[in-house]
2 protein chains.
Amino acid sequence: MTEDRKTIRQMCEEFDVTPRTLRFYEAKELISPLREGQKRLYGKRSQARLKLILQGKRFGFSLEEIRQLLDLYYIGDQRRTQMTKTYDLAVERLSAMKQQRAELDTTIAEFEKQLQWGANFIADLTAKEAAE
Amino acid sequence: MTEDRKTIRQMCEEFDVTPRTLRFYEAKELISPLREGQKRLYGKRSQARLKLILQGKRFGFSLEEIRQLLDLYYIGDQRRTQMTKTYDLAVERLSAMKQQRAELDTTIAEFEKQLQWGANFIADLTAKEAAE
DNA sequence: ACGTCTCTTTACGTTAACGTCATGGTCACC
DNA sequence: GGTGACCATGACGTTAACGTAAAGAGACGT
């Protein structure tokens, strides 16, 4: 028993979110912390899920999409049909991510070229003004 | 004169957006089409900008951020101070994008591992049921 | 007992990025 | 000269993802 249950405040500091955010995620059934009386206690599982949620957000997934992805990580005892559906969804998502990475690659490349051009432009401006 | 001014409807079809979206972008000063009487006419510049806007959106930039980035592409006659500021902003953004790509890479990797695990899990389930 | 934290729930407010009418002008076509 | 088709400008509605304020319970120090 690794005894690492954290209060809401501890969670907020560790993951840099507000209490409201955590309660919001709970309302959306993304996390389900334990209760000690009234107070929420976030165990290991909740912490791991929150980490995944924040990861997902950084890649532009909506909370609803993230909720579905979480099912992949925490399967448990579902029926296979349901699982397969989730799995298929994940496969799609993965290919979307690869597609996105490809686009990101070319965008970065173009962007770097553009930046180089911008740098030259600024250099030109500076030269001109020095010459006056 | 390449005479490729398009109406709002033509733009919508070509870029798969609604008229409302184009007017909205205009209100936010992201595009400024010409006018023929009352009607909007989108020239080459507007088309190029729209393309960039949609690109930016796919990478999670907000419209406001995109507006700033567009200044980098269409500089014109600004003062150097302003330019340099914009340039610096772009450099930051580029490094953010590279960072994002790195994260994306590891996420894809983890995700693939997880998917493999999920596939095995499903396979197990199937085997069990077949055995019953 | 009192004040002060930290937690709780409930509920209304906010921002971005449009969607969705409602209303009205203009032009070609029949 | 009416009737669509396409355009315009308001102006109000919508969704996601929280923010923020109100009101109250429980534990703790003095």
Side-chain angles (χ1 to χ4, degrees), chain A residues 3-43 46-47 49-71 89 93 96 100, chain B residues 3-43 46-47 49-71 89 93 96 100:
Chain A
E3 281 289 358
D4 54 356
R5 290 143 201 276
K6 297 179 179 164
T7 83
I8 200 171
R9 193 60 56 177
Q10 292 173 318
M11 287 291 281
C12 290
E13 282 170 20
E14 175 153 355
F15 292 96
D16 191 33
V17 294
T18 71
R20 166 71 218 204
T21 298
L22 291 180
R23 298 194 189 103
F24 182 73
Y25 289 166
E26 187 175 345
K28 289 292 172 106
E29 298 181 47
L30 289 164
I31 313 183
S32 29
L34 316 167
R35 294 295 181 120
E36 187 178 61
Q38 279 286 50
K39 316 217 166 153
R40 291 169 170 80
L41 279 187
Y42 297 84
S46 293
Q47 294 176 41
R49 288 179 74 99
L50 179 55
K51 191 176 162 189
L52 288 171
I53 293 170
L54 298 179
Q55 270 242 355
K57 286 205 57 182
R58 283 208 303 281
F59 291 102
F61 295 99
S62 77
L63 290 184
E64 175 55 26
E65 288 172 323
I66 290 174
R67 203 181 57 72
Q68 306 202 24
L69 286 177
L70 282 176
D71 291 347
L89 199 155
R93 188 82 57 201
Q100 180 179 345
Chain B
E3 281 289 357
D4 55 353
R5 288 141 202 274
K6 296 179 179 162
T7 84
I8 200 172
R9 193 59 57 175
Q10 291 172 318
M11 289 290 281
C12 290
E13 283 171 18
E14 175 153 354
F15 292 97
D16 191 36
V17 294
T18 71
R20 165 73 215 198
T21 298
L22 292 179
R23 299 194 188 105
F24 182 73
Y25 289 166
E26 186 176 345
K28 290 290 172 111
E29 297 181 47
L30 288 165
I31 313 183
S32 29
L34 315 168
R35 293 296 182 120
E36 187 179 62
Q38 280 286 49
K39 317 222 163 146
R40 283 168 238 264
L41 280 187
Y42 297 84
S46 293
Q47 295 176 41
R49 288 178 75 98
L50 178 56
K51 191 175 162 190
L52 288 171
I53 292 169
L54 298 178
Q55 270 240 359
K57 287 205 56 183
R58 283 209 302 281
F59 291 102
F61 295 98
S62 76
L63 291 184
E64 175 54 26
E65 289 172 322
I66 291 174
R67 204 180 57 72
Q68 307 202 23
L69 286 177
L70 281 175
D71 292 346
L89 199 156
R93 188 81 57 199
Q100 180 180 345

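To find a chain, count down the sequence lines: A is the first, B the second, and so on, and within it residues start at 1.
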| query | Should we say atom CD of A:Glu36 is surrounded by more than 12 heavy atoms from elsewhere, each under 6.0 Å from it? | reply | no
| note | Between CZ of A:Arg23 and P of D:dG19 the distance, given in whole Å, is 11 Å
| request: Check the distance between D:dC18's P and A:Asp16's CG and give it to me in whole angstrom. | output: 12 Å
| With the threshold set at 4.0 Å, does a side-chain nitrogen-carboxylate oxygen contact exist between B:Arg23 and B:Glu26? | no
| task | Quick one: label A:Arg9 by what it contacts on the DNA or RNA (base, sugar-phosphate, nothing), any heavy atom closer than 4.0 Å. | result | sugar-phosphate
| task | For the residue pair A:Leu50 and A:Tyr42, establish whether any side-chain heavy-atom pair is separated by less than 4.5 Å. | result | no
| Euclidean distance, atom CD of residue B:Gln10 to atom C1' of D:dC6 [Å, nearest integer] | 12 Å
| request: Name the first nucleotide and the last nucleotide along DNA chain C (5' to 3') that come under 4.0 Å of a heavy atom in chain B. | output: C:dA17 to C:dT20
| Spatial distance of atom CG (A:Leu22) from atom CD1 (A:Ile53) [nearest 0.5 Å] | 8.5 Å
| request: Taking only the side-chain heavy atoms of B:Arg20 (C-beta and beyond), determine which of D:dC18, D:dA8, D:dA11 contains the nearest atom. | output: D:dA11
Could you give the side-chain donor-acceptor pairs of residues 8-19 of chain A under 3.5 Å, partners two or more places apart or in another chain?
from, atom 1, to, atom 2, distance (Å)
A:Gln10, OE1, A:Thr7, N, 2.8
A:Glu14, OE1, A:Lys6, NZ, 2.6
A:Glu14, OE2, A:Lys6, NZ, 3.4
A:Thr18, OG1, A:Arg20, N, 3.4
A:Thr18, OG1, A:Thr21, N, 3.1
A:Thr18, OG1, A:Thr21, OG1, 3.0

| request: Write down the distance between CZ (B:Arg35) and C1' (D:dA8), rounded to a whole number of angstrom. | output: 8 Å
| request: For A:Gln38 and for B:Phe24, locate the closest nucleotide of DNA chain C by heavy-atom distance; then report the residue assigned to the nucleotide nearer the 5' terminus. | output: A:Gln38
| said: Tell me whether the side-chain N/O atoms of A:Thr18 come closer than 4.0 Å to OP1 or OP2 in D:dC18. | reply: no
| task | Could you check whether A:Arg40 gets within reach of a base, just the sugar-phosphate, or nothing at all, counting any heavy atom under 4.0 Å? | result | sugar-phosphate
| field | Nearest non-hydrogen partners of A:Pro33 and A:Ser46, listed with the distance | value | CA-OG, 3.8 Å
